[in-house]
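A quick write-up on the structure given underneath.
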Number of protein chains: 2
Amino acid sequence: MPLSTTEENYLKAIFSINGANDNRATNQLIAEKLGVNPASVTDMLRKLDEKRLIDYNRADGAKLTKEGFKQAVKTVRKHRLWETFLVNNMNFTWDEVHEVAEQLEHIQSDKLTDELDKFLGYPKFDPHGDPIPDANGKLAVVKSKPLPEAGVARKLKVVSVTDNSTAFLKYLDKQGIALNDSLVIKEVVDFDKSLLVELKGRKEVFLSKEAAGKILVD
Amino acid sequence: MPLSTTEENYLKAIFSINGANDNRATNQLIAEKLGVNPASVTDMLRKLDEKRLIDYNRADGAKLTKEGFKQAVKTVRKHRLWETFLVNNMNFTWDEVHEVAEQLEHIQSDKLTDELDKFLGYPKFDPHGDPIPDANGKLAVVKSKPLPEAGVARKLKVVSVTDNSTAFLKYLDKQGIALNDSLVIKEVVDFDKSLLVELKGRKEVFLSKEAAGKILVD
DNA sequence: AAATATAATTAGGTAAGCCTAAGTATTATT
DNA sequence: AATAATACTTAGGCTTACCTAATTATATTT
Ligand SMILES: [Mn+2]
Ligand SMILES: [Mn+2]
Ligand SMILES: [Mn+2]
Ligand SMILES: [Mn+2]
């Protein structure tokens with residue numbers, strides 16, 4: 001039986017919380033990410049556990065099973081392919097795509113997904129620098145770290161952003177920061193950890209610790 | 001407030017039953033078209049009436065209001081644009097698109113709809129020969145009639161089909177009948193009203209009354 | 001260890017959209 | 001006009017996915 005839109009969203013949320021380091025997906029983090037009440041999360045996690053899409057218990061939180069992982073990756077694949085399509089072919093900007101992709105990711109047609117992938121030329125990354133899983137679920141592992149954790153005076157490259165909100169992405173646009181831009185941290189302001197950054201060897205901009213933390217570099 | 005997927009489907013069903021001649025959309029016809037129970041239809045028609053998207057009463061059935069009509073046309077526009085996209089760009093055949101378009105038609109983004117329209121080159125007709133409403137809701141009126149109502153020995157053109165099921169469309173493929181093909185009725189078999197038809201001035205095929213009735217010609 | 005804060009669960013509800021079975025209108029037939 | 005057939009509505013329920021408020025379990029402080 002196909003998963004409901006809601007089930008897919010829960011699996012995707014758990015997937016993104018687990019992340020690369022298998023972080024514990026707690027009831028509360030999931031509730032926050034999906035904008036629902038923790039009590040509702042309890043219900044759904046039980047249901048997903050019963051369907052063997054996750055393993056759930058109070059101590060370890062929710063962990064995707066093999067099948068749950070497969071389903072989550074499939075939804076992520078669709079999300080990122082559609083975002084790429086919207087930017088590449090529908091004249092959307094990177095701050096406009098997320099909401100629509102949240103809808104498009106639930107379209108059920110393997111043929112469409114794979115044809116879209118082909119049409120786009122099998123892209124490896126989406127407009128936010130996130131890797132796109134291929135038809136077998138394989139996705140590129142990119143080594144990167146939040147900007148504040150990178151060293152001063154080293155030449156860095158913007159690899160991706162961890163906040164896809166319009167507000168944040170428009171802010172980056174305004175600062176003149178885009179994917180693949182090169183930058184160098186010139187100075188870390190001591191009392192608030194904000195960064196003075198040189199962009200593409202020219203412009204210098206200040207970034208708050210909060211904003212910088214959402215920019216992944218390599 | 002945006003309409004639910006279900007509400008959109010009801011409006012679309014009423015739209016297609018009303019058709020060009022304003023046929024009465026009865027409880028039963030709607031139930032049949034949507035594959036639900038007539039009792040469920042009663043509930044929903046009440047709700048749509050309260051929302052002023054239709055006028056409903058037992059005698060006249062359901063009739064779209066101005067607003068309901070606008071919404072229905074919008075959904076139809078999306079459905080037909082997506083079908084065109086699937087055939088033109090995603091290597092779908094005309095018998096494969098309907099199901100997927102049933103999902104895609106509910107994606108809410110005017111920008112996407114209009115960009116898609118532009119991307120496709122503002123197509124006037126979908127893969128089944130149905131007219132695609134433009135951004136203002138205007139749609140081409142095509143004069144056509146069911147093949148059995150056309151005269152014998154007149155040169156006709158296939159304009160559209162009224163059954164979008166895979167089964168029927170594959171049958172047409174097999175018979176070698178496609179949109180815009182020219183044909184001539186050579187003979188009407190008296191006892192079962194089946195037709196002997198000459199295709200593109202060459203091949204001759206037999207069509208049952210039932211099949212022919214689903215082919216619109218001009 | 002006790003007290004307090006935080007996290008998760010339970011209990012009881014709601015709304016949308018569907019169902020079946022039974023009842024009431026309406027229309028068609030005799 | 002009476003009867004039968006067809007169409008529609010009502011009544012009562014179900015499932016999914018939510019909610020709030022109250023309770024219980026687990027961590028964290030003191
Ligand atoms: Mn996104
Ligand atoms: Mn993205
Ligand atoms: Mn269709
Ligand atoms: Mn069509």
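Letters A, B, ... are given to chains in the order of the sequence lines, protein chains preceding strands, and every chain is numbered from 1.
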Identify all side-chain donor-acceptor contacts of residues 132-144 of chain A below 3.5 Å with residues at least two apart in sequence or on another chain.
residue  : atom : partner  : partner atom : Å
A:Asp134 : OD1  : A:Asn136 : N            : 2.7
A:Asp134 : OD1  : A:Gly137 : N            : 3.0
A:Asp134 : OD1  : A:Lys138 : N            : 3.0

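Atom pair B:Asn9:CG and C:dA16:P shows a separation of 17 Å (rounding to whole Å applied). Straight-line distance from the CZ atom of B:Arg46 to the P atom of C:dG17: 16 Å, rounded to whole Å. Separating the NZ atom of B:Lys51 from the C1' atom of C:dA16 is a distance of 10 Å, rounded to the nearest angstrom. Computed from coordinates, the A:Gln28 CD to D:dA27 P distance equals 14 Å when rounded to whole Å. Rounded to an integer number of Å, the gap from CE of B:Met1 to P of C:dA15 is 13 Å. The distance between atom CG of A:Asn27 and atom P of D:dT26, rounded to the nearest whole Å, is 14 Å. Atom C1' of nucleotide C:dG17 and atom CG of B:Leu34 are separated by 12 Å, given to the nearest angstrom. Note: CD1 (B:Ile30) to P (D:dC8) measures 9 Å, nearest angstrom.
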Subject >> Base versus backbone protein contacts along nucleotides 16-21 of chain D [heavy-atom cut-off under 4.0 Å; B, S, -] >> reply: -SBBB-
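Within 6.0 Å of CZ on A:Arg52 lie no more than 12 heavy atoms contributed by other residues, nucleotides or ligands.
Using a 3.5 Å distance cut-off with no hydrogens or angles, the side chains of B:Glu32 and B:Gln28 do not pair a donor with an acceptor.
Ring centroids of A:Phe15 and A:Tyr10 are separated by 6.0 Å or more, keeping the two rings apart.
Within the 4.0 Å cut-off from OP1 or OP2 of C:dT6, not a single side-chain nitrogen or oxygen of A:Arg58 is found. Within the 4.0 Å cut-off from OP1 or OP2 of D:dT9, at least one side-chain nitrogen or oxygen of B:Tyr56 is found.
Pairs of residues two or more places apart, or lying in two chains, that qualify as side chain to side chain donor-acceptor pair (under 3.5 Å) and include a residue from residues 33-44 of chain A are A:Ser16-A:Lys33, A:Asn27-A:Thr42.
Aromatic ring orientation, B:Phe85 versus A:Phe85: tilted (interplanar angle from 30° to 60°).
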